[in-house]
Amino acid sequence: MDSDQSSVPNCFELLSAEPLLVVLIGPGGVGKGSIARALVAHDERLWLSRSWTTRPQRASENGSEYHFVDRATFERAIDEHRFLEWAEFHGNLYGTPLPDAEGKDVLLEIEVQGAGQVREEHPDAVVILILAPSMDDLEQRLRSRGDSEEHVRIRLSSTPKELARGHELSSFVVVNDDVERATKEILSILEELRQQRRNPSLKD
Ligand code: 5GP
């Protein structure tokens, strides 16, 4: 991946100092997407970013999951500095468009290279690593998405590296043993962080 985006203006200047920037990371199949959707359904102060990708739409997807574009379109958007972060992951490009969150807390669901970019630009970002209860469970979830066996194997092969980087980047680790339970745990983390923002003396 070409991660040198030094010519890109500091996109985070577009975010007010107040809102939280929350980044969900974790290996493929861990359920980040389900948790992200549950979080915004439960908390109207959260605004979920819709990423762009060059990967083909899965048969199980309805098209709302991403803004699906071809590579030329994505690369043009990079040149036009339209991404907060972007990364190449297993041969496809993924990127977060500049947020239009109108003061809400911004929620991203991205992989670790992008999260590293976000962290560098915005050290205050709240990075939450989502883990599966076990590797067996993760493998089963990856298989259930209907991807080819080869794709599943490729995704599993990068899991240890993703996890190692994820632990380096994250401030919180949440196990997705149950989407509702994991969502509640994250909602209470966010509530505590908001209280700390309102009253910094609560920070230990
Ligand atoms: P999938 O192809 O399985 O939907 O996603 C592959 C990986 O890309 C997942 O870890 C997902 O979180 C990540 N991803 C989705 N959107 C973005 C994005 O905008 N930026 C980055 N860096 N990663 C993304």
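Keep in mind that what you see is a predicted model, and the values were worked out from it rather than measured. The residues of the chain are indexed from 1 along the displayed sequence. All ligand and atom numbering here is 1-based and tracks the order in the structure.
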Are the side chain of Lys32 and the backbone of Leu24 linked by a donor-acceptor contact shorter than 3.5 Å?
->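 It does not hold such a pair.
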Identify whether the distance between the nearest side-chain nitrogen and carboxylate oxygen of Glu191 and Lys184 falls below 4.0 Å.
->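 Salt bridge: no.
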Give a yes or no on this: more than 12 heavy atoms of other residues, nucleotides or ligands lie within 6.0 Å of atom CD of Glu149.
->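 More than 12 within 6.0 Å, yes.
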N/O to N/O under 3.5 Å, ligand 1 against protein:
unit_1: ligand 1; atom_1: 2 (O); unit_2: Arg55; atom_2: NE; d: 2.5
unit_1: ligand 1; atom_1: 2 (O); unit_2: Tyr94; atom_2: OH; d: 2.5
unit_1: ligand 1; atom_1: 3 (O); unit_2: Arg58; atom_2: NH2; d: 2.9
unit_1: ligand 1; atom_1: 3 (O); unit_2: Arg145; atom_2: NH2; d: 3.4
unit_1: ligand 1; atom_1: 3 (O); unit_2: Arg155; atom_2: NH1; d: 3.1
unit_1: ligand 1; atom_1: 4 (O); unit_2: Arg55; atom_2: NH2; d: 2.9
unit_1: ligand 1; atom_1: 4 (O); unit_2: Tyr66; atom_2: OH; d: 2.5
unit_1: ligand 1; atom_1: 5 (O); unit_2: Tyr66; atom_2: OH; d: 3.2
unit_1: ligand 1; atom_1: 10 (O); unit_2: Lys32; atom_2: NZ; d: 3.1
unit_1: ligand 1; atom_1: 12 (O); unit_2: Glu109; atom_2: OE2; d: 2.7
unit_1: ligand 1; atom_1: 16 (N); unit_2: Ser51; atom_2: OG; d: 3.0
unit_1: ligand 1; atom_1: 19 (O); unit_2: Ser51; atom_2: OG; d: 2.6
unit_1: ligand 1; atom_1: 19 (O); unit_2: Glu85; atom_2: OE2; d: 3.4
unit_1: ligand 1; atom_1: 19 (O); unit_2: Gly95; atom_2: N; d: 3.3
unit_1: ligand 1; atom_1: 19 (O); unit_2: Gly95; atom_2: O; d: 3.0
unit_1: ligand 1; atom_1: 19 (O); unit_2: Thr96; atom_2: N; d: 3.3
unit_1: ligand 1; atom_1: 19 (O); unit_2: Thr96; atom_2: OG1; d: 3.3
unit_1: ligand 1; atom_1: 20 (N); unit_2: Glu85; atom_2: OE1; d: 3.4
unit_1: ligand 1; atom_1: 20 (N); unit_2: Glu85; atom_2: OE2; d: 2.7
unit_1: ligand 1; atom_1: 22 (N); unit_2: Glu85; atom_2: OE1; d: 2.9
unit_1: ligand 1; atom_1: 22 (N); unit_2: Glu111; atom_2: OE2; d: 2.7
unit_1: ligand 1; atom_1: 23 (N); unit_2: Glu111; atom_2: N; d: 3.1

In short, side-chain hydrogen bond (donor to acceptor under 3.5 Å, both in side chains) pairs touching residues 157-166 with sequence neighbours left out are His90-Ser158, Ser158-Glu162, Arg165-Glu168
What pairs of donor and acceptor atoms, side-chain ones from residues 99-110 against any protein atom, are under 3.5 angstrom apart with sequence neighbours left out?
unit_1: Lys104; atom_1: NZ; unit_2: Glu44; atom_2: O; d: 2.9
unit_1: Asp105; atom_1: OD1; unit_2: Leu20; atom_2: N; d: 2.7
unit_1: Asp105; atom_1: OD2; unit_2: Arg194; atom_2: NE; d: 2.8
unit_1: Asp105; atom_1: OD2; unit_2: Arg194; atom_2: NH2; d: 2.9

Tell me, please, which residues at least two apart from Glu192 pass salt bridge (Lys or Arg N to Asp or Glu O under 4.0 Å).
-> none
